[in-house]
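What follows is a single structure, written as structure tokens, with notes after it.
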Amino acid sequence: MKPVIALVDCNNFYVSCERVFDPTLLGRPVIVLSNNDGCVVARSNEAKALGIGMGVPAFEIRPVIERHRVQTLSSNYTLYADMSDRVMETLGTMVPQLEVYSIDEAFLDLAGLPCTLTEFGRTILSTVHRWTGIPVTVGVGRTKTLAKIANRLAKHSAKANGVLDLTDSPYLDKALAETPVEKVWTVGIKTTIRLKRAGIATALHLRDADTHWVQRIFGVVGVRTVYELRGIPCYPLEHNPPLRQSVAVSRMFGRPVETLDEMRQAIASYAARAGEKLREQGLAAGLLTVYVTTSRFIEDRYFNGHTASLAIPTNDTVELIRQACLCMDRLYRKGYAFKKCGIVLTGLVPEARLQMGLFDQEDRRKARRLMHAVDAVNHRYNKTLHWAAEGLEQPWKVLFKRRSPRYTTDWNQLPAAAD
DNA sequence: TCTGGGGTCCTAGGACCC
DNA sequence: TCTGGGGTCCTAGGACCC
């Protein structure tokens, strides 16, 4: 049986989430900003039509925002994550196999479907919209790369109306010819420049390129993409997602930080969050990396990192904070205005398979019970418990000037049906 | 007059994704 | 004044081993 893969992609996902709970945003230009209200991470179609680009710093487009009354929101990741779960659960009821690829995308296995693919695509579109309020687009192809291309065209074409099937399609070559090479999955900015220099400007050109040449210039990733464009799958659907390789927490500061005290507070609070993430996923970390940086946009940039190896992999916040602060002590330099720091945990192993250390002095069972209790309280009472090392004031913290309520995950912030 | 060769593991950096 | 955050995979080069 030939493979059939659908890519279901939520339209302008963060904006769509906001619109579900605030219908006054419908039909108007809306953007969502990144942490610290720094740059644009989501745009409604109306905002895209105004020429607002993805990733653009907010301060650069202030005139456009004011002139066109663009509705500007801070990001509300708690809401988006919850809405994403609802969309993925809905899709899970419709197909036997799916791979959640990102917060707003999933690949579906549609091989051997009893009805036509376009028909089924329409059912997906209407069901997800009815159950969650989120509009989606469906692209179908023989490979993930082709499904991506179908999805992109489905979004742009009025005729497709949100669903496009390119499996055995007489229009496949035309679709590839209409796809600029930089829109092909895995082709980024660097590769685009080199491909265009070689006269390869569309997905069709790339499909018909010489694989030996592609191998030499772009390595195996390039070759896989060429095969995928030819309908030969190199990226199968992942049914059992492999174990996570790393867990990271980092934030820009709300204002520059110059003291070691505040840097330690910040890294302690990120370490605490990283510990929560580990425990949520049943993992423990063997390596802990801390890094610090001043602004990327100044001459005398200071960037440095340090990795500590943990004798026994752990997800104990007390230990993570202690190690993170030790790293911070080594990295901190007086006289710099730091803009950001972060923690990355690697060497991840399943908590259940932890080996005991022969000379281990810690009472790990006790620590585990403590973490479990803290997590339970924080889950029940909305993050009320904090670690002293995180500091009380946290003046370095980022600001969210226009964050919408946590409509779906906090009893106190539920939307009212009527006034 | 003259320094092997191949395999594996680890790490840092690059490129890309959403 | 103001420029996000969290991931993955690949590659090259060095260390190390036999």
Side-chain angles (χ1 to χ4, degrees), chain A residues 7-14 31-43 53-63 65 72-77 80-81 84 99-107 144-145 148 151-152 181-195 215-225 234-235 238 241-256 270 273-274 277-278 281 286-287 289 291 293-298 301 303-307 309 337 339-348 398-401 403:
Chain A
L7 174 66
V8 179
D9 186 320
C10 302
N11 303 344
N12 314 327
F13 184 54
Y14 298 168
I31 57 175
V32 176
L33 301 179
S34 63
N35 262 330
N36 223 10
D37 293 341
C39 39
V40 177
V41 292
R43 307 155 294 158
M54 185 70 174
V56 179
F59 71 87
E60 277 181 13
I61 52 166
R62 197 131 300 149
I65 291 176
T72 307
L73 297 158
S74 303
S75 38
N76 184 348
Y77 287 105
Y80 310 150
S84 175
E99 174 191 339
V100 177
Y101 175 66
S102 74
I103 194 164
D104 68 336
E105 284 172 65
F107 288 109
K144 286 182 172 176
T145 303
K148 279 258 186 193
N151 192 290
R152 178 177 169 276
V181 77
E182 65 266 28
K183 301 295 181 190
V184 175
W185 199 35
T186 73
V187 176
I189 179 80
K190 302 273 181 187
T191 310
T192 300
I193 292 167
R194 292 158 80 189
L195 283 172
Q215 158 83 57
R216 195 155 39 84
I217 312 289
F218 303 102
V220 296
V221 180
V223 176
R224 280 181 199 149
T225 296
C234 297
Y235 302 106
E238 302 273 3
L243 273 188
R244 184 178 292 286
Q245 303 291 308
S246 66
V247 166
V249 179
S250 71
R251 298 274 180 284
M252 302 271 297
F253 301 132
R255 58 145 169 81
Y270 302 166
R273 177 66 194 125
K277 284 194 191 180
L278 282 180
Q281 302 178 43
L287 290 168
T289 302
Y291 63 89
T293 180
T294 57
S295 171
R296 309 198 318 260
F297 305 97
I298 58 170
R301 183 182 182 197
F303 174 91
N304 205 353
H306 183 254
T307 300
S309 169
K339 281 297 290 180
K340 178 179 177 176
C341 69
I343 180 170
V344 184
L345 303 174
T346 48
L348 304 185
V398 293
L399 307 165
F400 294 90
K401 292 200 188 104
R403 179 155 69 197

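Note on naming: letters A, B, ... go to the chains in the order of the sequence lines (proteins, then strands), and numbering restarts at 1 for each one. Computed from a prediction, not measured in an experiment: that's the story for all the values here. All values below were derived from every heavy atom in this structure, side-chain atoms included, with hydrogens, water molecules and symmetry-related copies excluded.
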Considering just the side-chain nitrogens and oxygens of Ser246(A), establish if one lies under 4.0 Å of OP1 or OP2 belonging to dT8(C). yes

Closest to side chain of Pro57(A), choosing from dC9(C), dG6(C), dT3(C): dT3(C)

Nucleotide nearest Ser34(A) (side chain, heavy atoms from C-beta), chosen from dG7(C), dG4(C), dC10(C): dG4(C)

Under-4.0 Å side-chain N/O to phosphate OP1/OP2 contact, Lys148(A) with dC17(B): no

With a cut-off of less than 4.0 Å, is there a side-chain N or O of Lys340(A) near OP1 or OP2 of dT3(C)? no

With both pairing distances under 3.5 angstrom for Watson-Crick or G-U wobble, and | for a partner in another strand, the correct string for DNA chain C is ....||||||||||||||

Taking NZ, NE, NH1 and NH2 as the nitrogens, is one of them in Glu105(A) or Lys148(A) under 4.0 Å from a carboxylate oxygen of the other? yes

Any Arg255(A) side-chain N or O less than 4.0 Å from OP1/OP2 of dC2(C): no

Mind checking Tyr101(A) for me? I need base, sugar-phosphate or nothing, with any heavy atom below 4.0 Å counting as a touch. sugar-phosphate

Val220(A) near the nucleic acid: base, sugar-phosphate alone, or nothing, with a heavy-atom cut-off under 4.0 Å? sugar-phosphate

Counting heavy atoms from C-beta on, name the nucleotide in dG7(C), dG4(C), dT11(C) closest to the side chain of Ala248(A). dG7(C)

Of the listed nucleotides dC18(B), dT8(C), dG5(C), the one nearest the side chain of Asp104(A): dC18(B)

Nearest to side-chain heavy atoms of Lys277(A), which nucleotide of dC18(B), dG4(C), dG7(C): dG7(C)

Output yes when Glu99(A) and Lys144(A) qualify as a salt bridge under the 4.0 Å nitrogen-oxygen rule, no when they do not. yes

For Glu105(A), which contact category applies under a 4.0 Å heavy-atom criterion: base, sugar-phosphate, or nothing? sugar-phosphate

With a cut-off of less than 4.0 Å, is there a side-chain N or O of Ser250(A) near OP1 or OP2 of dG6(C)? yes

Those residues of residues 184-193 of chain A lying under 4.0 Å from DNA chain B by at least one heavy atom: Val184(A), Trp185(A), Thr186(A), Val187(A), Gly188(A), Ile189(A), Lys190(A), Thr191(A)

Answer yes or no: does a side-chain N or O of Arg251(A) lie under 4.0 Å from OP1 or OP2 of dG6(C)? yes

Below 4.0 angstrom from OP1 or OP2 of dT3(C), is there any side-chain N or O of Arg296(A)? no

Under 30°, 30 to 60°, or over 60°: which ring-plane class applies to Tyr270(A) and Phe253(A), parallel, tilted or perpendicular? parallel

Nucleotide nearest Met252(A) (side chain, heavy atoms from C-beta), chosen from dC18(B), dG4(C), dC10(C): dG4(C)

Length of the line joining Arg194(A):CZ and dG14(B):P, which is rounded to integer Å: 14 Å

